[in-house]
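Remember, it's 1-based here, ligands and their atoms both numbered in the order they're listed.
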Amino acid sequence: QKWVYTFGDGKAEGEAGMKNLLGGKGANLAEMSNLGLPVPPGFTITTQVCTWYYDNGKSFPAELDGQVKDALAGMAKLTGKTFGDPANPLLVSVRSGARASMPGMMDTVLNLGLNDVTVEAVAKASGDARFAYDSYRRFITMYSNVVLDIDHGHFEEALEDYKERKGLHLDTDLSADDWKVLVGKYKEIVKKELGSDFPQDPQQQLWGAVGAVFSSWMNARAIKYRELNSIPASWGTAVNVQSMVFGNMGETSATGVAFTRNPSTGENALYGEFLINAQGEDVVAGIRTPQDITEAAKLAAKSDKPSMEKAMPEAYAELCRIYGILEKHYRDMQDMEFTIQEGKLWMLQTRSGKRTAKAALKIAVDLAREGLITENEAVGRVEPGALDQLLHPTIDTKAERRVLTAGLPASPGAAAGEIVFTSEAAEAGKKAGKKVILVRVETSPEDIHGMHAAEGILTTRGGMTSHAAVVARGMGKPCVSGAGQIRVDYAKGTMTVGPTTLKAGDFVTIDGSNGQVLLGEVKMQQPELSGDFRTLMGWADKVRRLKIRANAETPRDAKAAREFGAEGIGLCRTEHMFFDAGRILAVREMILAEDEKGRRAALAKLLPMQRQDFVELFTIMQGLPVTIRLLDPPLHEFLPHTDEEIAEVAAAMGTTADKLKRRATELHEFNPMLGFRGVRLAVAYPEIAEMQARAIFEAAVIAAKETGHPVIPEVMVPLVMGAPELDLVKSRIDAMAEAVKKESGTEFTYQVGTMIELPRAALRAEEIAGSAEFFSFGTNDLTQTTLGISRDDAGSFLGSYTARGLLESDPFVTIDQDGVGELVRIAVERGRKTRPNIKLGICGEHGGDPASIGFCESVGLDYVSCSPFRVPIARLAAAQAAL
Ligand code: PEP
Ligand code: MG
């Protein structure tokens, strides 16, 4: 079996399409090589070796050794250097590369092949002993950390000690002799920690590094990252071994990271950072603050360090040439890593760049306008869930900004919260219901959970490609990075800027769009949805088949829904109107009434209020369909709970607290979700359903007159289990419609339909469709009743199911296609048997979940209904489902 694929010198055994086998990095190195771009030669050990490694007690397949030897021989031919040769050594990098990029999660070793002998050869060949020993100490540090599991801190301490004693500040101040001394110290550290010498045999070094990279696939950080990003462990990682090029060979050498377009804003301009006389890890680690690539970016940032454009014009021109080729070839924004060795530019990586939602949107629209991709491809390029980021608040333009300091605008949106200094505190704060801003000198992969819990992230060190910046953008969280004026004192739990000291728990606001850090909790405003957003949505609307409605009952929600492009209301939960302060008393009177007469008296008070609610909704929706659901929750939910509340209500109603309590006890249920709710209320107390029906029809008449748009209300009956209940309630609704028509002297049309939210209803759909003109799948209850999992109690155990892979995802978020989905399919098929043109929709939370929307498309529903803020997401997801 072929376990190793080579690349370099204008050809390769792999190509971009082989990501599953070669990982993203390996496949793209091969592709760049095939394109004739300058890629240091090397080879990729496939992801299948990773799988083999774990299946066989962390060992390697027998043929691998020979294949690696052959590949190294090939590299020797291309580079004129031989791995392990004491006189003319080839040095290599060893890097991980999974199918999906997992930035910073797994291990890398650079400068491998150096030892006490080869370091001298490198010094001689390069004529630069400083460079040789700088590389050697880097190698010892990285190898010790990654392969030998010796804490980084030991080496850093030795380095800091040394610098202090010598009065040196920057790493670049150290001479060859300084590094030589330090290399000696580093080796002593290894001997002390490991009990044996630092390995000198390059072959041993190589296999140690390869094993370490495979092992890092299962480290805690990588596992957490995969969990958060739904990457299966079975994919494995590839290992890339590549001949080293050196960015640390003096002032004509450099290393950098660049995006073909701005990953934060999407602006079509090369964007990135580089460091002169440094190796790759220095940029990402945020140890030195890097320099801008373009002169424009340098000027905009008012940086005092020269741009690459000015400092290295030839290499800059080459980078521009290459990025043009790459973007046209891949037809997408690229994220590239490069190294300049003595003026010559080498490409070390390219991949589709991670970007903010704002950038994703702009880039997709721009690429389509530039003719690189089609409009439909543009629609497919933006992840629907990411639109959430665009709906993020920003700081109110009218709000006062008390600027404490500023850093880099690393990830857009604004956030306010209490300061916390550790990820643990961030998580604890979130659990306690607080909004927190995570403040760190810099973040590392260990902070992922804290970053998740925080509203926003603020760091005092590191650039736009630092860990904090990259991860925050991916999460869609506001981030300000590199706010260098802030001094953080972790021990005291304070941060200081000049005379101002803030402590944990104090409020700050960060503005990820301009890098400002503001004192206090500043007022936010909602984003405006125009420009590229509107354009892409327009393209999406052209291809989508599913209609999008919103779940809304208040005028505010209904207006928001329309602004976001909802084409109707798919669920108006009337009980929400019952809780309104002005009417809860009448609702309670109705519940407490001794008999039907008393109930009707209370309902008469509610009628005008409900009618007015519906008039407003119909008016806002201007003739678009509105589905109104009859009262659903159990009555006891409306009764007061605490003694004070009970006393207060009793006084207001002229009854006694005892009587109120007795009624509450009567209404108490062990399983209210399976209790006296939904259509069961309408069966027992038809007068409630009648009042609601009257309010709906009278409102339809009024609103049609006022707006000039015909209103066709859809009356929806919840929680039916079969046709008889629906038939009974429907006859009452129909009678009420006739009465209202007669009283008002106005004709109108309306529909009566039902929710399908019990398994039995799905199974009896054929019969139910006899009287239901539409079905709306209530997948919240249908999930609850199909899986037998209480929607209100699932939190305590569902996590252990998803963590163990017993459930792929939370079934209350993404529809369980095999179970709940099967019932939906059955209901669709049986419902259509009776009524071929029956209108079908979904109004459970799943209606706003992109994966579930894909399912709705596949079973041919007519619409999905979701919360107003998810309407844009649903529009885009529906379009992608139709593509
Ligand atoms: C449902 O059950 O899916 C539904 C939309 O109704 P509710 O969430 O109000 O029970
Ligand atoms: Mg329900």
Student: Do NZ/NE/NH1/NH2 and the carboxylate oxygens of Lys741 and Glu747 come within less than 4.0 Å?
Tutor: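 Salt bridge between Lys741 and Glu747, a charged N being under 4.0 Å from a carboxylate O: yes.
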Student: Backbone, side chain, both or neither: what part of Asp781 comes under 4.0 angstrom of ligand 1, heavy atoms only?
Tutor: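 For Asp781, backbone and side-chain atoms both sit under 4.0 Å from ligand 1.
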Student: Using heavy atoms and a 4.0 Å limit, tell me yes or no: is His846 in contact with ligand 1?
Tutor: no
Student: What part of Glu845, side chain from CB on, backbone N/CA/C/O, both or neither, has a heavy atom under 4.0 Å from ligand 1?
Tutor: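 No part of Glu845 is near ligand 1 at this cut-off.
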Student: How is the N/O/S atom of Glu757 that comes nearest to the Mg ion (ligand 2) named?
Tutor: OE1
Student: Non-hydrogen atoms of Gln784 versus ligand 1: any pair closer than 4.0 Å?
Tutor: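 Under 4.0 Å: no for Gln784.
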Student: I'd like to know if Arg663 pairs up with Glu666 as an ion pair, taking the criterion as any Lys NZ or Arg NE/NH1/NH2 lying under 4.0 Å from an Asp or Glu carboxylate oxygen.
Tutor: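 Looking at Arg663 and Glu666, the cut-off is met.
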Student: Scan residues 693-702 for pairs that pass salt bridge (Lys or Arg N to Asp or Glu O under 4.0 Å), counting only residues two or more places apart or in two chains.
Tutor: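 Only Arg611-Glu698, Arg694-Glu698, Arg694-Glu743 qualify under salt bridge (Lys or Arg N to Asp or Glu O under 4.0 Å).
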Student: Which ligand 1 atoms does Met755 reach within 4.0 Å, using its non-hydrogen atoms?
Tutor: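 Those qualifying, in numeric order: 4 (C), 5 (C), 6 (O).
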Student: Check whether any side-chain heavy atom of Pro872 sits under 4.5 Å from a side-chain heavy atom of Phe533, and report yes or no.
Tutor: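 In short, these two side chains touch, coming nearer than 4.5 Å.
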Student: Name whichever N, O or S atom of Asp781 ends up nearest to the Mg ion (ligand 2).
Tutor: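 Of all N, O or S atoms belonging to Asp781, OD2 is the one nearest the Mg ion (ligand 2).
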Student: Please list, in number order, the atoms of ligand 1 under 4.0 Å from a heavy atom of Arg573.
Tutor: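 Here the atoms of ligand 1 in question are 4 (C), 5 (C), 6 (O), 7 (P), 8 (O), 9 (O).
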Student: Once you restrict to heavy atoms under 4.0 Å, what part of Leu571 touches ligand 1? Side chain, backbone, both or neither.
Tutor: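 Looking at Leu571 and ligand 1, just side chain atoms fall under 4.0 Å.
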Student: Between Met691 and Gln610, is there a side-chain heavy-atom distance shorter than 4.5 Å?
Tutor: yes
Student: I need the nearest protein heavy-atom contact for atom 6 (O) of ligand 1: residue, atom name and distance, please.
Tutor: Arg629 NH1, 2.9 Å
Student: May I ask you to decide whether Lys839 forms a salt bridge with Asp862, counting only side-chain N to carboxylate O separations under 4.0 Å?
Tutor: no
Student: Got the closest protein heavy atom to atom 5 (C) of ligand 1, with its distance?
Tutor: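 For atom 5 (C) of ligand 1, the nearest protein heavy atom is Cys843 O, 3.4 Å.
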Student: Got more than 12 heavy atoms from elsewhere within 6.0 Å of CZ, Arg545?
Tutor: yes
Student: Going by heavy atoms, is Arg791 under 4.0 Å from ligand 1?
Tutor: yes
Student: Regarding Thr574 and Gln692, do their side chains bring together a donor and an acceptor under 3.5 Å, going by distance alone?
Tutor: yes
